[in-house]
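All remarks here apply to the structure that follows.
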Amino acid sequence: MLDSTRRDARPRIAPAGLMFLAITSIGWGFNWPVTKFLLSELPPLTLRGVTGVLGAVLLAALALIRRQSLKVGPGIWPRLLTAAVLNVTGWMVLMGLALLWLPASEAALIAYTMPVWASLIAWPVLGERPTVLRTLGLVMAFVGLASIMGGNGFAASVEKLPGIIMALGGALGFAVGTVFSKKYPIHLPPITAAAWQIGIGCLPISIIGLLVETTHLSLVTPVGWWLLVYSTVVQFCIAYVSWFAALARLPASVAAIGTMAVPVIGVVASALALGEPLGPGQIAALIFTLAAVVLATR
């Protein structure tokens with residue numbers, strides 16, 4: 001895999017970037033119902049933190065097998081720590097807790113307001129002036145997602161308020177992290193960079209979770225164990241490496257808009273796996289949203 005942080009990377013639509021973005025969307029999309037199911041068997045902080053640390057260890061081992069150094073230069077540490085907190089710690093904690101108050105589909109909609117914030121921030125910070133097609137695609141995608149959740153009876157009730165606030169906080173943090181990573185790239189190979197960011201980001205989550213939460217591994221079902229493998233390997237190892245690789249090859253706003261395919265996949269997967277509503281109107285809105293993402297990434 002190529003170094004994802006070359007200084008000569010151009011803000012253009014690279015086919016390889018779109019491929020990595022598609023891998024990310026599929027991996028993260030299926031993880032929404034996976035996490036929702038696992039929260040019925042494991043506490044949120046322990047679940048998110050421990051699987052992340054295990055994923056980081058696997059990535060570090062893979063980097064060593066590929067003869068990639070894990071060494072981090074002194075000048076890289078500030079960027080690495082900041083990116084880890086924004087892209088991993090905040091997202092994992094806030095989204096994991098949001099699922100305690102919200103259905104997976106509703107949490108996905110709020111979480112993926114992220115492209116809106118990322119596009120707005122990228123304009124003044126990165127000079128990525130939104131084109132007509134990207135703006136139209138972003139608006140269409142968000143309208144499509146809103147229609148999907150409206151069909152699910154989305155309601156911002158007082159009982160859901162903590163989940164809504166946490167999901168919005170996670171979305172804003174990830175948007176800032178996306179633009180930050182583009183503005184101040186981490187000059188490490190993608191596997192090494194992902195291993196450090198996931199490890200640094202998830203280690204405090206796992207420590208806090210193990211200290212304040214009670215985990216009963218005996219209650220984890222066979223299905224739960226398999227889903228833990230998915231969450232560790234696919235969500236953290238495959239999807240995160242693909243995300244950093246996509247971000248290096250695409251403008252930050254395009255990469256962010258492309259992730260709006262994630263809640264589409266999450267809604268469909270949640271309907272199939274968890275029995276959450278999915279009618280003809282929502283299916284039409286899903287197709288509309290995917291068409292909008294394609295338009296925005298042209």
Legend entry - Neighbour count above 12 (heavy atom, 6.0 Å) for F174 CZ: yes
Inset, instruction - Kindly say whether L70 contributes a backbone atom to a donor-acceptor pair with the side chain of W196 at under 3.5 angstrom? - result: yes
Inset, instruction - State, with a plain yes or no, whether a side-chain heavy atom of E41 is found less than 4.5 Å away from one of L227. - result: no
Inset, instruction - Report the C-alpha distance between W243 and T178 in whole Å, list the side-chain angles of each, state the deciding distance to 0.1 Å, and finish with yes or no for side-chain contact (heavy atoms from CB on, under 4.5 Å). - result: CA-CA 10 Å; W243 167 247; T178 297; 3.5 Å; yes
Inset, instruction - Kindly work out whether a path of hydrophobic side-chain contacts (I/L/V/M/F/W/Y, heavy atoms less than 4.5 Å apart) joins L38 to W32. - result: yes
Legend entry - Mutual orientation of the aromatic rings belonging to F180 and Y184 [parallel < 30°, tilted 30-60°, perpendicular > 60°]: tilted
Legend entry - Side-chain donor or acceptor of R79 paired with backbone N/O of P185 under 3.5 Å: yes
Legend entry - Shortest non-hydrogen contact from G169 toward L94: C-CD1, 3.6 Å
Inset, instruction - Using modelled atom types only, decide if a donor and an acceptor are shared between the side chain of T24 and the backbone of F20 within a distance under 3.5 Å. - result: yes
Legend entry - Pairwise side-chain contact, F244 with R249, heavy-atom cut-off 4.5 Å (strictly under): no
Legend entry - Donor-acceptor under 3.5 Å (T46 side chain, S206 main chain): no
Inset, instruction - For side-chain contact (heavy atoms from CB on, under 4.5 Å), just list the numbers for S231 and N31, CA-CA rounded to whole Å, side-chain angles, deciding distance to a tenth of an Å, and then say yes or no. - result: CA-CA 7 Å; S231 186; N31 197 63; 3.7 Å; yes
Legend entry - Distance, nearest 0.5 Å, that separates OG1 of T192 from NZ of K71: 13.0 Å
Legend entry - Pairwise distance CG(L217) to CG(L219) - rounded to 0.5 angstrom: 8.5 Å
Inset, instruction - Starting at CD1 of I200, measure out to CG of L81 and round the result to the nearest 0.5 Å. - result: 5.0 Å
Legend entry - Residues in side chain to side chain donor-acceptor pair (under 3.5 Å) contact with N87, at least two apart in sequence or another chain: S181
Legend entry - Donor-acceptor pair, side chain of E213 and main chain of L45, under 3.5 angstrom: yes
Inset, instruction - Could you grab the distance from atom CZ of F30 to atom OG of S25, nearest 0.5 Å is fine? - result: 11.5 Å
Legend entry - Taking every non-hydrogen atom, the tightest pair across A83 and I186: CB-CD1, 3.9 Å
Inset, instruction - Report yes if some heavy atom in the side chain of T51 is under 4.5 Å from a heavy atom in the side chain of Y230; otherwise report no. - result: no
Legend entry - Spatial distance of atom OG1 (T35) from atom CG (L228) [nearest 0.5 Å]: 9.5 Å
Inset, instruction - Give the cluster check for W123 versus L120: same hydrophobic cluster or not, with ILVMFWY residues linked at side-chain heavy-atom distances below 4.5 Å. - result: no
Legend entry - Shortest non-hydrogen separation from A193 to L80 and the atoms involved: O-CD1, 4.3 Å
Legend entry - Min side-chain heavy-atom separation C202-T89 under 4.5 Å: no
Inset, instruction - Could you tell me which non-hydrogen atom of G163 sits nearest to which non-hydrogen atom of A98, and how far apart they are? - result: O-CB, 3.5 Å
Legend entry - Side chain T232, main chain V229, donor-acceptor under 3.5 Å: no
Legend entry - Contact summary for L58 and C237, nearest pair of heavy atoms: CB-SG, 3.9 Å
Inset, instruction - Report yes or no: does K183 contribute a side-chain atom to a donor-acceptor pair with the main-chain N or O of A122 at less than 3.5 Å? - result: no
Legend entry - L100-L42 co-clustered via ILVMFWY side chain contacts under 4.5 Å: yes
Inset, instruction - Answer yes or no: is there a side-chain heavy-atom contact under 4.5 Å between S242 and L21? - result: no
Legend entry - same_hphob_cluster(L203, Y240) at 4.5 Å side-chain heavy-atom cutoff: yes
Legend entry - Closest non-hydrogen atom pair between W28 and A239, with its separation: NE1-CB, 3.3 Å
Legend entry - hydrophobic_cluster_shared for L47 and V50, side chain cutoff 4.5 Å: no
Inset, instruction - State, yes or no, whether a side-chain contact exists between R48 and V93 at a heavy-atom distance under 4.5 Å. - result: no
Inset, instruction - Could you tell me whether the side chain of K182 and the main chain of L247 form a donor-acceptor pair under 3.5 Å? - result: yes
Legend entry - W77, CH2: over 12 other non-hydrogen atoms inside 6.0 angstrom: yes
Inset, instruction - Answer yes or no: is there a side-chain heavy-atom contact under 4.5 Å between L86 and W91? - result: no
Inset, instruction - Report yes if the side chains of L59 and V241 come closer than 4.5 Å at any heavy-atom pair, otherwise no. - result: yes
